[in-house]
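Only one structure is covered here, and it is reproduced in the block below.
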Amino acid sequence: MNQSYKDTEAGEEPAVITLAGVSFGYDPEHPILHDINVSIPQGQWVSIVGPNGCGKSTLVKLLNALLPKSAGEITVCGHTLQEETIGDIRQCIGMVFQNPDNQFIGQTVEEDILFGLEGLCLPYEEMKQRLDLYTVKLGIDHLLSKHPGELSGGQKQRVALASILAMKPGIVILDEASSMLDEGSRDELMGILRDMQAEGAYTILLITHDPDEILASDRVLALHGGSIAADVPPAQLFRNEDLLEKCHLREPYPWRLARELQNRGITVDVPASEKELIDTLWPYNFSK
Amino acid sequence: MNERLLLGRSIDTGSWVHKLDARSKITGMLLYVVIILLSNSWMEIGLIAVFSIIVMATTRIPLKYFIKAAKPLRYLMLFIFIVQSLSVKEGDVLWSLGSFSLHEGGLRLGAFSVIRMLFLLTFTALLTFTTTPGKLNQGLEGVLAPFKKLGLSPDRITLMISIALRFIPTILDEAQIILKAQASRGADLKELPLKEKARMLVSLLVPVIASAFRRAQDLVYSMEARGFRMDAPRSRYHRLRWGAADTLFVAMFVVLGIAVALL
């Protein structure tokens, strides 16, 4: 029996994504995903975790029909996924992929952001307004004429994010979007995601292996062997050693440090962040 | 890297050529290619050279960029020069070795062909130097629009060109990485004999092509995720506007063509 996210914690917001009995496989004998049932409310930040090859990327690609489901029903923003609704669903979902190079369509930053906007058949004024708004918001307004080869990994991911945010999707999916970034760029991306969460206008689905990113989310879907092994809040995931091992995950650094200190007889509560850990340890007066 | 980045890159100096409609520049370049291919005397090539240098100078783009545009094909030009020089047996014999002999007429034709190709490469680079890729695509779509009736899809062609231009530098970089990876395992291409070099290049092609397919798959996902559908209607951020300067620009090439024909 799977561990499931409590209904009360799921919030009262209406579900923007619902998967009912969804399966997928290239070979029906060996499904990659099997009987996935999940409901995600508006505004929630969900981390999708699991070992490599467990079907995380496949799961999110089913949502906007980049891959066709084998069975079950998918509903996104009130549209049941079928041939006629693919266009509507793709307008609701923005997706940032792992490799920033392979998702850069235009030959300049400006062209790349305009690619999606032109596809929406927006008038010039609307495109200009969105281009200005999101390039300033993501700090890439000085890079508009740059070629992808002239950008850093972090800048490319910010361009990718601006490209999809400019299309105003309600749901943003990031498929290991920070895995090819350095620490600084990763922090930048996390900062942007936190701002987006604070705005409350986005439902965020984040595929990740990073404990800090998982800790920042509201909820974790742990995939194992093609099905949902756990649907829990992050704190619950990190308290479950079996689940951590199953998902090939480690606890966040402050958690590990707190546990080591507990093992040595120092009583500290499990902190939510490094700052909280420092605040907890400060009374021990390390100056002695 | 910078040299490769020149591929499809515009260099904005705000000159009058930069401000022209991309369609007029494409039309002008097509006429230029025809004119230069039809030229067959030093007088004609001299006239084309004067015309080309004046137009290139008015773009205010430093000459070194135009030279760099021709640099990748320098070996091809050298090959053309040698083949042309040795195949024409007209005029005085300047040099001979066994069955090979270099005649004055051959040398003249070799030099003529290379100069013609040099102007073709440097002058047509003006199109990409003075036009952003987006406008160039739109211009190409505009020029190809009449062929829609013949079943041609301008959108498809321009998308292919745009993606090719976007990914050529990336794939070249990847080929370099694979070469270095192979060299780090003792198979340095530079130190191998020619036959081994050819064999190595085949082993380079497989990972590069496999990677290009992977990139193509990712790109398709990225495009589809942004709602892209082939032949679906799209609005345009940059609008093309044909003005008097565009008519004048095309007329300049027409006049050049007439002048070359009359010479």
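- At a 4.5 Å heavy-atom cutoff, the contact between A:E110 and chain B is made by side-chain atoms alone.
- When heavy atoms are compared at a cutoff of 4.5 Å, A:K128 approaches chain B by way of both its backbone and its side chain.
- Partners of A:T135 under the side-chain contact (heavy atoms from CB on, under 4.5 Å) rule, at least two apart in sequence or in another chain, are A:I113, A:L131, A:I140, A:D141, A:L144.
- With a threshold of 4.5 angstrom between heavy atoms, A:M127 approaches chain B through its backbone and through its side chain.
- Note on A:G116, A:G94, A:C121, A:A65: by heavy-atom pairs under 4.5 Å with chain B, the leading option is A:C121.
- Judged by a 6.0 Å distance limit and a 45° cone about the ring axis, B:R74 is not positioned over the six-membered ring of B:F79.
- Considering only heavy atoms from C-beta on, B:T130 stays 4.5 Å or farther from B:I11 through its side chain.
- Using a 4.5 Å cut-off between heavy atoms, B:A225 touches chain A through backbone and side chain atoms alike.
- Residue B:L219 touches chain A through both its backbone and its side chain, counting heavy-atom pairs closer than 4.5 Å.
- Counting heavy-atom pairs closer than 4.5 Å to chain B, the top-ranked of the candidates A:G106, A:P148, A:P123, A:G87 is A:P148.
- Heavy-atom distances place the side chain of A:L67, and not its backbone, under 4.5 Å from chain B.
- Contact annotation for A:P169: neither backbone nor side-chain heavy atoms come within less than 4.5 Å of a heavy atom of chain B.
- Contacts with chain B were tallied for A:I89, A:L122, A:L117, A:L120; A:L122 has the most, counting heavy-atom pairs under 4.5 Å.
- Contact annotation: the side chain of A:S39 never approaches that of A:I17 to less than 4.5 Å [non-hydrogen atoms, C-beta and beyond].
- Contact of A:E111 with chain B is made through the side chain alone, with heavy-atom distances under 4.5 Å.
- Both the backbone and the side chain of A:D101 have a heavy atom closer than 4.5 Å to some heavy atom of chain B.
- Using a 4.5 Å cut-off between heavy atoms, A:I93 contacts chain B through its backbone alone, with no side-chain atom that close.
- Both the backbone and the side chain of A:D112 come within contact range of chain B, each with at least one heavy atom under 4.5 Å from a heavy atom of that chain.
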